[in-house]
Amino acid sequence: MVVGYRLGDQAIAAIGATVSLYSLIIHFACDLNNGYGIIVTQRFGAQQLREMRQAVAGMMELNTLVGLMLTVFSLVFLKPLLRFMNTPVHVFDQSYAYIAAICAGIPVTIAYNMFAAILRAVGNSRTPLLFLILASVLNVVLDFLLVWGLDTGIAGAAIATVLAQLVAALLSGIYVWKRYREYLPKGSDFRVSGNILTSLFTTGFAMALTSCVVELGTVIFQRTANLLGETLIAAHSAARRILMMALQPVISLSVANMTFVGQNWGAGKTERIRPAIRMVMGMQLVWCVFSAAAVFLFGEGMIRFTTGTNSAEVLDNAVLSLRIHFSMFPVLGVLFCFRNTMQAMGQKVVPVLSSCIELAMKLLAANWLIPALGFVGVCVTEPATWVLMVIFLLAAYLIMQKQWFAAAQEAREIQISTE
């Protein structure tokens with residue numbers, strides 16, 4: 001909103017041209033640590049405290065390595081990536097300034113998500129939420145200060161985001177140190193066993209790979225969408241911001257369910273998982289139907305309010321995008337619920353394969369649908385993809401669930417007899 005009101009539609013287009021790269025970075029950091037968190041959660045549920053501390057130690061080691069590598073790689077190859085994505089010449093410098101600041105803050109993003117995952121693993125989801133609310137308020141204040149007050153342009157919005165995330169990361173880290181020190185690794189815990197390190201690596205990177213495959217498709221998809229011009233990029237970006245805001249409760253419920261499933265999977269209480277799935281899916285569907293109704297009734301007002309645009313072309317196309325996407329929004333709730341549940345149960349292959357469906361669909365759209373249908377092709381690609389992915393995930397779950405639950409119960413019985 002601050003960027004739109006202060007800098008106009010071109011600045012919105014500059015951010016919109018980088019949205020897929022931004023999503024790739026954020027989702028990689030979140031899902032990497034959500035995956036690590038599953039291993040920590042399972043050890044917590046099984047009351048294996050030494051193994052849990054080792055898992056946290058491995059989490060810290062892997063995050064440090066990945067954070068440094070990802071930051072260096074993204075900054076070195078950022079300009080070639082923006083050129084590959086057909087970023088319009090008129091907004092190229094602004095887009096680079098924005099995404100470069102975001103990439104420089106990758107370690108901060110990873111640090112917050114790591115501490116939030118640890119807190120959720122031990123059953124405390126409220127504290128990271130409170131820190132994130134505080135950081136969000138700070139982000140808004142810094143946006144006004146940097147973009148409006150100090151006139152730092154689009155880069156100021158990115159710097160505000162990174163600084164706010166830094167505060168959230170520091171507060172979360174201090175809180176974990178003060179309140180949950182018994183779960184933090186000591187000297188010997190940093191010699192992580194091969195079994196735990198392998199579990200962390202495979203689970204974390206399976207979740208991150210799921211996101212990466214999706215976002216890689218989005219990068220290629222946006223590469224073609226960026227050829228449609230600044231006005232349509234701005235419309236797509238404005239609609240997508242509202243979509244992502246409406247998606248946050250869906251993601252949060254899915255992550256909460258993933259933590260709950262991981263704890264009970266580790267504790268061998270698999271009978272609690274199916275009722276949780278039904279409850280979470282019910283809540284998600286209620287929210288998704290409400291959000292879709294709100295968008296159909298007030299979509300244009302939402303676009304005007306969040307961007308400050310008066311362009312009829314931006315408004316008309318953004319509203320079209322919203323209505324097409326939100327017509328299938330309830331499907332997205334089912335998709336997130338089942339995908340995260342499977343990941344919490346230790347199933348890595350099926351979620352990755354579901355992401356491959358999305359990659360294939362976006363490649364198809366980039367090469368055929370968008371050139372043929374233009375902006376309408378941009379709008380219909382993701383909803384059609386969600387439907388195909390849900391069909392695949394539901395079929396896999398219904399076919400494999402008995403086998404998965406039986407194997408988990410057998411593994412738990414063996415563990416108990418060994419202890």
Side-chain angles (χ1 to χ4, degrees), residues 1-8 11-12 14-16 18-19 22-23 25-27 29-30 33-34 97-120 124-180 237-256 259 287 290-291 294 298 301-309:
M1 287 177 64
V2 172
V3 168
Y5 278 88
R6 176 64 172 167
L7 303 176
I12 296 173
I15 292 177
T18 69
V19 69
Y22 179 85
S23 295
I25 294 164
I26 296 301
H27 288 145
C30 288
N33 281 284
N34 285 338
Y98 180 81
I99 198 65
I102 294 293
C103 289
I106 288 174
V108 172
T109 304
I110 288 178
Y112 168 75
N113 282 282
M114 177 180 70
F115 290 124
I118 292 170
L119 286 168
R120 285 194 298 267
N124 185 347
S125 59
R126 183 177 300 172
T127 300
L129 170 64
L130 294 175
F131 289 151
L132 201 57
I133 290 171
L134 177 62
S136 297
V137 173
L138 177 61
N139 196 347
V140 173
V141 172
L142 289 172
D143 276 332
F144 276 105
L145 176 64
L146 295 175
V147 178
W148 209 293
L150 299 179
D151 200 22
T152 56
I154 195 174
I159 293 168
T161 299
V162 173
L163 290 176
Q165 287 178 340
L166 176 62
V167 170
L170 288 172
L171 290 174
S172 300
I174 292 169
Y175 189 87
V176 169
W177 173 256
K178 286 184 174 293
R179 297 296 182 91
Y180 297 100
S237 176
R240 193 162 187 83
R241 289 289 177 174
I242 292 173
L243 173 66
M244 294 309 295
M245 284 191 286
L247 188 58
Q248 293 314 304
V250 175
I251 294 173
S252 297
L253 281 167
S254 298
V255 171
T259 303
W287 169 254
F290 169 79
S291 300
F298 309 112
M302 292 178 181
I303 297 295
R304 285 185 184 275
F305 179 66
T306 55
T307 64
T309 185

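Just the heavy atoms: all of them, side chains too, but no hydrogens, waters or symmetry mates, feed the values below.
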- request: Applying side-chain contact (heavy atoms from CB on, under 4.5 Å), run through C103 and I106 and close with a yes or a no.
  value: CA-CA 5 Å; C103 289; I106 288 174; 4.3 Å; yes
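Among all heavy-atom pairs drawn from V2 and D143, the shortest one is CG1-O, 3.8 Å. Pairing each heavy atom of A97 with each of I154, the nearest pair is CB-CG2, 4.4 Å. When all heavy atoms of A158 and A101 are compared, the pair lying nearest together is CB-CB, 3.5 Å. Pairing each heavy atom of M302 with each of A294, the nearest pair is CE-O, 3.7 Å. Shortest non-hydrogen contact noted between F131 and L171 is CE1-O, 3.5 Å. Between G156 and V147 the shortest heavy-atom distance is C-CG2, 3.9 Å.
The shortest distance between side-chain heavy atoms of D151 and R6 falls below 4.5 Å. V162 places none of its side-chain heavy atoms less than 4.5 Å from the side chain of L166. S172 places a side-chain heavy atom less than 4.5 Å from the side chain of Y112.
Annotation: the span from I159 atom CD1 to L145 atom CG amounts to 11.0 Å, rounded to 0.5 Å. Atom-to-atom distance recorded for I251:CD1 and M244:CE is 5.0 Å, nearest 0.5 angstrom. Between atom CG of residue L134 and atom CG of residue L129 there is a gap of 11.0 Å, rounded to the nearest 0.5 Å. The CG atom of L170 sits 12.0 Å away from the CD atom of Q165 when rounded to the nearest 0.5 Å. Atom CG of L138 and atom CG of L163 lie 7.5 Å apart (nearest 0.5 Å). Expressed to the nearest 0.5 Å, how far CG of L243 lies from OG of S291 amounts to 9.5 Å.
In terms of the salt bridge (Lys or Arg N to Asp or Glu O under 4.0 Å) criterion, R179 has no residue partners (sequence neighbours excluded).
A donor-acceptor pair is defined here as one N or O able to donate and one able to accept, closer than 3.5 Å; such a pair exists between the side chain of T152 and the backbone of L146.
Taking the six-membered ring for Trp and thresholds of 30 and 60 degrees, Y175 and Y180 have ring planes inclined between 30 and 60 degrees apart.
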